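Because the structure is predicted, anything quoted here is derived from the model rather than measured.
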Amino acid sequence: MSAPFSSSNPLPFLDLRASTSPLREELIEAVAGVIDSGRFLHGPATAAFEKELAESCGARYAVAVSNGLDALRLTLRAWVQMGLMKWGDEVLVAANTYIASVLAITDAGLTPVLIEPDEQSFNIDPGRIEGAITPRTRAIMEVHLYGLPCRHSEIREIARRHNLLIIEDNAQAIGATEQGVRTGAMGDAAAFSFYPTKNIGALGDAGAVTTDSEELAETVKALANYGSDRRYHNIYQGFNCRMDELQAAMLRVKLRHLDEETAARNEAAAAYTAHIENPLVKLPEVPQGRTHVWHQYVVRVEERERFRKFLADRGVPTDIHYAVPPHLQPCYAGAFPGPYPLTERLANEVVSLPIANLSPSLAKDISLIINQFS
Ligand SMILES: *Cc1c(COP(=O)(O)O)cnc(C)c1O
């Protein structure tokens, strides 16, 4: 039987309607609740979402904010306000991350130090961390890229030895675990993004910070609200980075379906892993002791452009995460010493296959096409 898609009838890489339409009634009810409440900011939906998000990952506190970049930069700025780091201090981060991780560090007046990833996992290579630590190093940012947690237990040990804080960039890995601990509860703080394409997406922009530290939670909350700890009393020169009640109410609905979303992505990923057998295509690995939530299913192919065209000609769209690493972006021209040969090689070889809302049988159909690439 031939695949139910073709060059003239291609699959979508990502169709967000497929994530929202099954929840349409629940989402409408959530929105109606906000309309009827007359509370559009600082209301009960935001408070409930914060409580539920903290519970779902096992952190003590969650603070709902405007987006993932703000979650990262508010956390770092809060640590600056708390006296834990100061202007020019260094934060270690994987060189192959999405640029928002790095933007948050420079926005807070801190210095990103880019570390090459470990080739098997695409995440920061713990073996390269200690060599990059200087007297100004204050924190490690663990970016759980594509949905796979970093080697947190090892990184935690290094952080302990050198008295460093750990911030998770958990934009891509909500629900993933290492030895049973969920992302969001691993580091001293974690930043979530609910950008619409993430595993749990808002219907607009939204983000959150989780932490076990009451002081950090209070500081982030104040910074996100004009630096105000109570009405008309501003203890910091803050921002307006709040999550609104509509997004919070809809995210409560989405969060209730997190485990189904993760299970569906795992089934599609398992079908790819079982059926793709092509020596030209290197598959992602899930190391022992960790679970993956497959924000992206990323393979490596040396002749990437020919591979992408081969699939596109057969109705299979692909994407690249990310084609240009932060150190090669114009905004950071000359900012990082490098070289980062591994990061650049990965940027030239990674290909993301469709994964969201993909049935295992479609993943199998795509796999059989991939097996014909030579
Ligand atoms: C999406 C993303 C962000 C930024 O989140 P926004 O909500 O879009 O601001 C940060 N880091 C990573 C790794 C991301 O994937």
Side-chain angles (χ1 to χ4, degrees), residues 65-80 85 89-118 121-126 128-129 132 137-152 155 159 164-174 176 183-184 186-195 197-199 205-211 220 241 293 295-296 298 320-333 335-338 340 342-344 346-347 350 352:
V65 298
S66 36
N67 57 62
L69 174 58
D70 284 346
L72 287 166
R73 69 191 191 97
L74 289 168
T75 301
L76 294 170
R77 281 175 178 264
W79 280 340
V80 171
M85 45 187 80
D89 280 349
E90 294 166 1
V91 179
L92 311 184
V93 62
N96 63 322
T97 187
Y98 180 56
I99 194 157
S101 317
V102 182
L103 291 173
I105 298 170
T106 52
D107 174 82
L110 303 166
T111 304
V113 174
L114 304 181
I115 308 290
E116 290 258 70
D118 135 32
S121 70
F122 302 112
N123 281 330
I124 192 167
D125 183 350
R128 295 175 194 257
I129 289 179
T137 310
R138 292 291 170 271
I140 302 170
M141 186 180 286
E142 289 184 358
V143 185
H144 308 306
L145 203 66
Y146 308 143
L148 178 70
C150 291
R151 283 152 64 183
H152 173 73
I155 296 171
L164 306 177
L165 291 162
I166 294 178
I167 174 171
E168 297 170 66
D169 179 340
N170 194 28
Q172 302 191 359
I174 186 170
T183 58
M186 294 178 180
D188 298 288
F192 291 68
S193 166
F194 305 108
Y195 185 77
T197 64
K198 304 290 158 100
N199 288 24
D205 272 317
V209 175
T210 54
T211 180
V220 167
C241 299
V293 295
H295 176 59
Q296 300 295 347
V298 176
I320 308 293
H321 300 94
Y322 300 91
V324 181
H327 71 278
L328 296 178
Q329 293 290 354
C331 66
Y332 288 127
F336 302 106
Y340 308 103
L342 184 51
T343 295
E344 290 176 22
L346 291 177
V350 291
S352 306

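Interatomic distance, Leu346 CG to Leu342 CG, rounded to the nearest 0.5 Å: 4.5 Å. Atom CG in Leu164 sits 5.0 Å away from atom CD1 in Ile140 (nearest 0.5 Å). Atom-to-atom distance recorded for Cys241:SG and Leu74:CG is 4.5 Å, nearest 0.5 angstrom. Arg128 CZ to Leu92 CG: the interatomic distance, rounded to the nearest 0.5 Å, is 13.5 Å. We find the CZ-CG distance between Phe194 and Asp205 to be 12.0 Å, quoted to the nearest 0.5 Å.
Tested against Val143, the residues Asn170, Asn96, Asp169 include a single side-chain contact (heavy atoms from CB on, under 4.5 Å) partner, Asp169.
Considering only heavy atoms from C-beta on, Thr211 stays 4.5 Å or farther from Asp188 through its side chain. Contact of the Val350 side chain with the Gln296 side chain is not registered, since no non-hydrogen atoms from C-beta on lie closer than 4.5 Å. The closest side-chain heavy-atom distance from Ile124 to Asp118 is not below 4.5 Å. Counting heavy atoms from C-beta outward, Pro112 and Thr106 have side chains that approach closer than 4.5 Å. Within the 4.5 Å cutoff, the side chain of Arg73 has no heavy atoms near those of the Leu103 side chain.
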Leu145 and His295: CA distance, side-chain angles, deciding distance, side chain to side chain contact (heavy atoms under 4.5 Å, CB included) verdict: CA-CA 8 Å; Leu145 203 66; His295 176 59; over 6 Å; no
Worked verdict on Tyr146 versus His321 for ring-ring contact (aromatic ring centres under 6.0 Å, His included): CA-CA 9 Å; Tyr146 308 143; His321 300 94; 7.1 Å; no
Derivation and outcome, side chain to side chain contact (heavy atoms under 4.5 Å, CB included), residues Ile166 and Met186: CA-CA 8 Å; Ile166 294 178; Met186 294 178 180; over 6 Å; no
Verdict with reasoning, Tyr332 to Ile99, per side chain to side chain contact (heavy atoms under 4.5 Å, CB included): CA-CA 10 Å; Tyr332 288 127; Ile99 194 157; 4.0 Å; yes
Stepwise side-chain hydrogen bond (donor to acceptor under 3.5 Å, both in side chains) test for Gln172 and His144: CA-CA 7 Å; Gln172 302 191 359; His144 308 306; over 6 Å; no
Residues Asn67, Ser193; criterion side chain to side chain contact (heavy atoms under 4.5 Å, CB included); working and verdict: CA-CA 6 Å; Asn67 57 62; Ser193 166; 5.9 Å; no
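Not a single donor-acceptor pair under 3.5 Å links the side chain of Asp70 to the backbone N or O of Gly207. A distance-only check finds no donor-acceptor pair linking the side chain of Thr137 to the backbone of Glu90 [under 3.5 Å]. Of the possible polar contacts, none joining the Glu116 side chain to the Ala95 backbone as a donor-acceptor pair under 3.5 Å is found. Looking at Thr97, its side chain never comes within 3.5 Å of a backbone N or O of Ala94 through a donor-acceptor pair. Here the side chain of Thr210 pairs a donor or acceptor atom with the backbone of Gly184 at under 3.5 angstrom.
Residue Glu142 comes nearest to His152 through the heavy atom pair OE2-ND1, 2.8 Å, listed as atom of the first residue, atom of the second, then distance. Listed here is the closest heavy atom pair of Pro149 and Asn123: O-ND2, 3.4 Å. For the pair Phe122 and Pro117, the tightest heavy-atom approach, listed with the atom from each and the gap, is O-CB, 3.6 Å. The minimum heavy-atom distance between Ala173 and Val293, with the atom names listed, is CA-CG2, 3.6 Å. Contact detail for Leu110 and Val91: the closest heavy-atom pair is CD1-CG2, 4.0 Å. Of all the heavy atoms in Cys150 and Ile155, the pair that sits closest is CB-CD1, 4.0 Å.
Under a 4.0 Å N-O distance rule, the pair Asp107/Arg77 qualifies as a salt bridge.
Aromatic ring orientation, Tyr322 versus Tyr98: tilted (interplanar angle from 30° to 60°).
For Ala71, the side-chain contact (heavy atoms from CB on, under 4.5 Å) partners at least two apart in sequence or on another chain are Val65, Ala191, Val209. Judged as a ring pair (Phe, Tyr, Trp, His ring centres under 6.0 Å), and not counting sequence neighbours, Tyr195 has no contacts.
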